[in-house]
Amino acid sequence: MCPNTKSKNLFLPSHCTKQPYMSISTKYNPKETEDKWYQYWLEKKFFRSVPDEREPYTIVIPPPNVTGVLHMGHMLNNTIQDVLIRRARMMGKNACWVAGTDHASIATEAKVVALLKEKGIEKKDLSREEFLKYAWEWKDKYGGIILKQLEKLGASCDWDRTKFTMDKPLSEAVLDTFVHLHKKGLIYRGVRMVNWDPKGKTAVSDEEVIRKEVNQKLYYIKYFVSYQADSTSTFSTLASGEGGGEALVIATTRPETIMADAAICINPGDERYRHLKGKQVYIPLVNRAIPIIEDDYVEMEFGTGCLKVTPAHDLNDYELGLRHSLPVIDILNDDGTLNEKAGILVGEDRFIARKKIAKLLEEAGQLEKVEDYKSQVGFSERTDAAIEPKLSMQWFCKMEEMAKPALEYVLNGEIKLIPDKIINTYRHWMENVKDWCISRQLWWGQQIPAWYLPTGQYVVAKTRQEAFALATDLTPDTSSLTPDQLKQDEDVVDTWFSSWLWPISVFDPTVCGNPDAKGNADLNYYYPTNDLVTAPEILFFWVARMIMAGHEFRGKLPFKNVYLTGIVRDKLGRKMSKSLGNSPDPIELIENYGADGVRVGMLLCSPAGNDLMFDESYCEQGRNFANKIWNAFRLVKGWEIDEKLDYTNSVAVEWYESRFNEALLEIESHFAQYRLSEALMATYKLVWDDFCAWYLEAVKPAYQQPIDKKTLEATINFFERILALLHPFMPFLTEELWHDELFGSRTDLDCCVVAAYPSLGNVNERLLKDFGAVKQIISEIRNIRNSKQISPKEALPVAIKANSDTQYNNYSGIITKLAVLSEITFASEKLEGAAAFIVGRDEFFVPLSGNIDADAERERITKEIDYLSGFLKSVNAKLSNERFVQNAKPEIIANERNKKADAEAKIVMLEQSLNLL
RNA sequence: GGGAGAUUAGCUCAGCUGGUUCAGAGCAUCUGCCUUACAAGCAGAGGGUCACUGGUUCGAACCCAGUAUCUCCCACCA
């Protein structure tokens with residue numbers, strides 16, 4: 001049974017329908033409908049999708065972080081997906097929206113570590129297994145929150161398919177992928193300079209580093225020059241800064257790394273330092289001698305033209321060091337504190353060490369000056385810690401080969417990026433792609449399937465047994481090797497190394513790592529998916545890599561369209577963030593405005609492809625719209641049929657039929673271009689303006705009067721189509737109304753959520769045009785009434801001097817009703833002493849008893865004549881311009897001639913009116 | 001430093017192939033209305049040098065060049 005018939009009916013029994021508006025609330029109350037219908041939809045399995053003969057329409061959700069709670073970005077993103085999926089479902093497609101969450105290794109591990117710390121447990125005191133047990137407990141407890149929140153929004157996901165990126169099969173897919181790519185030579189291990197996150201204590205990929213401009217200090221430090229050419233010198237006098245020894249001054253933002261210096265570098269062409277070639281300098285404070293080297297890399301103009309080379313702590317310096325065979329002295333611990341190699345300030349955090357060392361240098365007289373300086377510093381995307389370049393052994397995935405087809409899909413249009421302006425950026429990235437550092441020094445995630453032999457060699461295999469088999473091939477002395485001796489790599493893979501498989505692994509994880517596998521029925525049916533809706537920020541992290549994985553493992557693209565939403569900002573244009581506290585709580589918004597109101601609000605302010613400046617007032621507008629529909633329903637609900645009444649509303653009914661189809665066409669076109677905001681606005685106007693303000697006002701009977709059967713039936717039919725059209729945007733309200741007895745009795749499964757989307761019908765252009773004139777006439781009369789302060793209750797007579805072939809007889813009923821007229825007459829001459837206006841080529845007169853202000857009227861008409869004369873002049877100028885007549889398209893010229901004729905006719909009419917005054 | 005995009009009403013944005021769908025929409029504002037569906041409403045109105053300067057064209061919000069401002073992406077100047 002439908003909730004509406006089961007529960008206490010909102011509406012009164014039929015014997016009370018005389019004044020139903022008195023008994024139904026004048027406001028739509030979302031709280032009474034939302035949970036009720038969501039549960040009903042679940043119960044009836046309307047969101048469930050299994051392969052069948054229908055065309056599939058598939059979306060995989062960008063899996064939200066399992067630690068996350070719903071924020072405004074999710075709201076926008078998932079509203080869009082739900083609109084698309086609901087619409088596809090109603091259009092008869094087999095709509096499948098796969099939900100799930102991402103294990104987000106760094107973020108989740110950080111959260112669990114913090115939580116344990118509160119309980120007094122340190123991660124380092126736990127074994128890997130113990131830690132993971134805590135992590136899973138935590139995930140089981142809180143991991144579902146965000147999905148529950150999505151239900152509140154109305155998300156019509158097939159929850160039976162919900163996946164988690166660390167589900168066993170999906171994790172196995174990750175391992176298979178690793179093994180496969182390693183076998184192919186696309187994954188390798190090596191010592192490289194990586195981005196080290198000292199807070200997360202792990203390496204992160206280039207994409208996870210966010211560069212921000214930071215106000216820093218540029219320290220100018222004196223390094224004294226040794227008199228001897230080699231390092232055997234003693235330096236007692238120099239080291240103390242006495243004795244007038246020559247000093248080189250270098251500029252650095254990182255004085256705390258001077259203890260790791262391996263050389264000072266100058267430009268070979270730099271005259272200032274030519275005499276120092278081959279000499280050495282002493283590092284201040286620690287007095288270690290380092291050579292002066294030359295390299296073109298150094299800019300003579302920057303700073304002093306001398307560069308301190310610190311291979312362990314700077315990528316460029318590292319490369320410089322490689323060229324000049326410099327030693328790498330790493331003075332930092334994994335957590336960013338100084339280690340013993342620093343010699344001084346051991347155990348201090350790098351930023352504290354920076355301040356202290358500046359002080360020490362100053363005291364030693366080796367700090368020449370300090371300048372303010374702005375520069376870009378990398379921060380970890382997940383922990384916001386300043387990234388430390390660090391030399392370490394990591395696993396990498398080669399990108400160049402995989403990037404090529406992934407770029408091709410986008411360039412040849414097989415995958416459409418919306419908006420397409422982003423293609424340039426995508427191309428640039430794909431053409432300059434660097435290898436992907438995929439290892440993370442964490443526990444929460446898929447452990448890298450690499451196994452180390454006691455010899456230091458390693459093999460890559462999914463299981464210990466398989467690894468052992470491979471290992472025995474490596475070792476000559478197999479008898480001494482046991483499986484237990486293999487030690488698995490401690491690291492896990494980057495989270496994105498699992499989520500890049502998402503569009504495949506949610507259907508059939510077994511094909512990852514096995515491109516030749518046929519794949520199961522689900523995969524073959526749903527893949528490639530249709531639309532991906534995500535944020536532009538993760539275009540490279542995720543979207544590009546999914547395309548790579550899709551090509552690698554399926555030989556096919558993973559989705560056809562990528563809709564990139566904007567960033568949700570506040571009214572002032574600031575990105576919404578927890579730290580700024582400028583983000584409203586989405587659940588609270590739903591409480592206040594209803595899910596439908598919030599959905600409409602989100603979409604109203606989200607122009608395709610642009611950031612959106614969110615403001616609660618949009619939700620208010622959405623709520624008001626829901627209320628408007630609710631009240632339109634109350635009106636129609638209250639009408640009683642009188643079978644004896646004649647059908648007098650055919651014009652209004654036919655007009656709305658045409659208008660509906662016209663709007664539908666427009667809406668389709670907006671959807672085809674993913675202009676959801678405009679599709680919604682077109683729907684909004686179709687309902688509010690055309691249906692409520694014009695159609696219903698035109699057909700509604702006088703108070704407590706019955707209506708004829710045909711009009712009511714047509715109205716109900718329109719209403720039902722409107723509900724279907726609105727459903728993807730406002731699922732709850734439409735479902736609620738759908739089940740009212742007004743629309744007849746419905747079976748349990750006859751729900752709006754699975755109703756047929758309205759189909760296109762005929763558009764009567766002539767009727768639409770005529771009705772446009774009718775609206776204009778009514779507005780003009782209302783305007784006259786308004787400006788003359790005539791009560792809306794006072795019926796006015798109107799005379800029409802028709803000069804066109806418009807059949808006003810057909811429309812006199814509507815005009816009379818909506819403009820509140822006493823009579824309409826047709827005149828062959830102008831009326832004197834009447835308020836006059838022109839619509840098209842026809843003249844209209846409203847006789848007013850002594851109310852005409854001749855002067856004002858004269859002024860108004862003169863003004864209009866002036867305007868039209870100017871207009872005519874410009875048209876005439878065009879038409880008398882030979883080059884225009886020669887070059888312009890014929891239809892443009894014809895149009896100009898029409899304009900000319902219209903303007904001339906109008907001027908004549910106005911001049912006559914002027915004379916009459 | 002390199003690249004991409006933007007600038008239209010108070011706000012958020014449409015404006016497609018240059019030409020009456022060309023200056024639009026929604027919200028906000030103002031005026032008048034508690035008119036028996038809705039005041040979370042109804043009716044009506046005002047509001048723009050299309051960033052600026054040139055150019056191309058019979059004709060420019062639209063094409064071109066330059067300027068200004070803003071946004072985003074990429075990049076190793078210590």
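Every chain is numbered from 1 and lettered A, B, ... according to where its sequence line falls, protein lines coming before strand lines. Since we're looking at a predicted model, the values are computed, not measured.
Screening residues 589-598 of chain A for side-chain hydrogen bond (donor to acceptor under 3.5 Å, both in side chains), with sequence neighbours left out, gives A:Y593-A:E616.
Phosphate contact (OP1/OP2 of B:G2, side-chain N/O of A:W429, threshold under 4.0 Å): absent. For the pair A:N624 and B:C38, the criterion of a side-chain N or O lying under 4.0 Å from OP1 or OP2 is not met. Regarding contacts with the backbone of B:G15, a side-chain N or O of A:R675 is found under 4.0 angstrom from either OP1 or OP2. Put simply, A:Y373 has a side-chain N or O that comes within less than 4.0 Å of OP1 or OP2 on B:A78. Contact check, A:R782 against B:C42: no side-chain N or O comes under 4.0 Å of OP1 or OP2. Put simply, A:K637 has no side-chain N or O that comes within less than 4.0 Å of OP1 or OP2 on B:A37. In this structure, A:R634 does not reach the B:A37 phosphate: none of its side-chain N or O atoms is under 4.0 Å from OP1 or OP2. Phosphate contact (OP1/OP2 of B:A78, side-chain N/O of A:Y219, threshold under 4.0 Å): absent.
Using a 4.0 Å heavy-atom criterion, one finds that A:Y28 contacts no nucleic acid atom at all. A:S779 comes within 4.0 angstrom of sugar-phosphate atoms only, judged by non-hydrogen atoms across all strands, and of no base. Note on A:V298: a base of the nucleic acid sits closer than 4.0 angstrom, heavy atoms only. Contacts of A:E697 with the nucleic acid, taken as non-hydrogen atoms under 4.0 Å apart, include base atoms. Within 4.0 Å of A:E882, counting heavy atoms only, lies no atom of the nucleic acid at all. Here A:F625 lies out of heavy-atom contact (under 4.0 Å) with every strand. A:N887 comes within contact range of at least one nucleobase, with a heavy-atom separation under 4.0 Å. Contacts of A:C265 with the nucleic acid, taken as non-hydrogen atoms under 4.0 Å apart, are absent. Among the atoms of the strands shown, base atoms are found under 4.0 Å from some heavy atom of A:I892. When heavy atoms are screened at a 4.0 angstrom cut-off, A:E299 is found touching base atoms of the nucleic acid. At the heavy-atom level, A:K700 lies under 4.0 Å from base atoms of the strands shown.
Distance check on atom P: B:C34 versus B:A43 gives 15 Å, rounded to whole Å.
Comparing atom distances between the A:F884 side chain and each of B:C58, B:C38, B:A25 picks out B:C58 as nearest. Taking every side-chain heavy atom of A:A632 into account, B:A37 is the closest of B:A78, B:A37, B:C74. Closest approach to the A:R623 side chain among B:A25, B:C58, B:A40 is made by B:A40 (side chain taken as heavy atoms from C-beta onward). Closest approach to the A:L635 side chain among B:U35, B:U36, B:A37 is made by B:A37 (side chain taken as heavy atoms from C-beta onward). Side-chain atoms of A:K27 lie closest to B:A40 of the nucleotides B:A40, B:A37, B:A45. The side chain of A:T425 has B:C73 as its nearest neighbour among B:A25, B:A75, B:C73. Distance from the side chain of A:E678 is smallest to B:A14 among B:A14, B:G26, B:C76. The listed nucleotides are B:A43, B:A75, B:G26; the one nearest the side chain of A:A693 is B:A43. For A:W688, counting side-chain heavy atoms from C-beta on, the closest listed nucleotide (B:C42, B:A75, B:A78) is B:C42. Proximity note for A:N786 (side chain, C-beta onward) versus B:G26, B:A43, B:C74: the nearest is B:A43.
The CZ-P distance, from A:R569 to B:U71, rounds to 9 Å in whole Å. At whole-Å resolution of the value, CG in A:L676 and P in B:G26 are 20 Å apart. For the pair A:H670 NE2 and B:G26 C1', the computed distance is 13 Å after rounding to whole Å. The CE atom of A:M681 sits 17 Å away from the P atom of B:G24 (whole-angstrom rounding).
A salt bridge is defined here as a Lys NZ or Arg NE, NH1 or NH2 lying under 4.0 Å from an Asp or Glu carboxylate O, and A:E904 with A:K906 fails to meet this definition. Ion pairing of A:E319 with A:R323 is absent here, as no side-chain N (NZ or NE/NH1/NH2) approaches a carboxylate O to less than 4.0 Å.
A:F625 and A:Y684 have tilted rings, their planes meeting at an angle from 30° to 60° on a 0 to 90° scale. Ring geometry, A:F614 versus A:Y618: the interplanar angle falls from 30° to 60°, so the pair is classed tilted. Under the 30°/60° scheme for interplanar angles, the aromatic rings of A:Y867 and A:F871 are found to lie parallel.
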With pairs defined as Watson-Crick or G-U wobble and both distances under 3.5 angstrom, please note down RNA chain B as a dot-bracket string, | for pairing with another strand.
(((((((..((((.....[....)))).(((((.......))))).....(((((..]....))))))))))))....
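Below the 3.5 angstrom threshold, one finds a donor paired with an acceptor across the side chain of A:K628 and the base of B:C38.
Just one residue in the list A:I292, A:I266, A:N267 forms a side chain to side chain contact (heavy atoms under 4.5 Å, CB included) with A:Y273, and that residue is A:I266.
Residues A:E537 and A:I567 approach most closely at OE2-CG1, 3.2 Å, considering heavy atoms.
If you check the side chains of A:T310 and A:Y318, you find no donor sitting under 3.5 Å from an acceptor.
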Any chance you could lay out the side-chain contact (heavy atoms from CB on, under 4.5 Å) test for A:C619 and A:V598, step after step, and finish with the verdict?
CA-CA 5 Å; A:C619 294; A:V598 176; 4.2 Å; yes
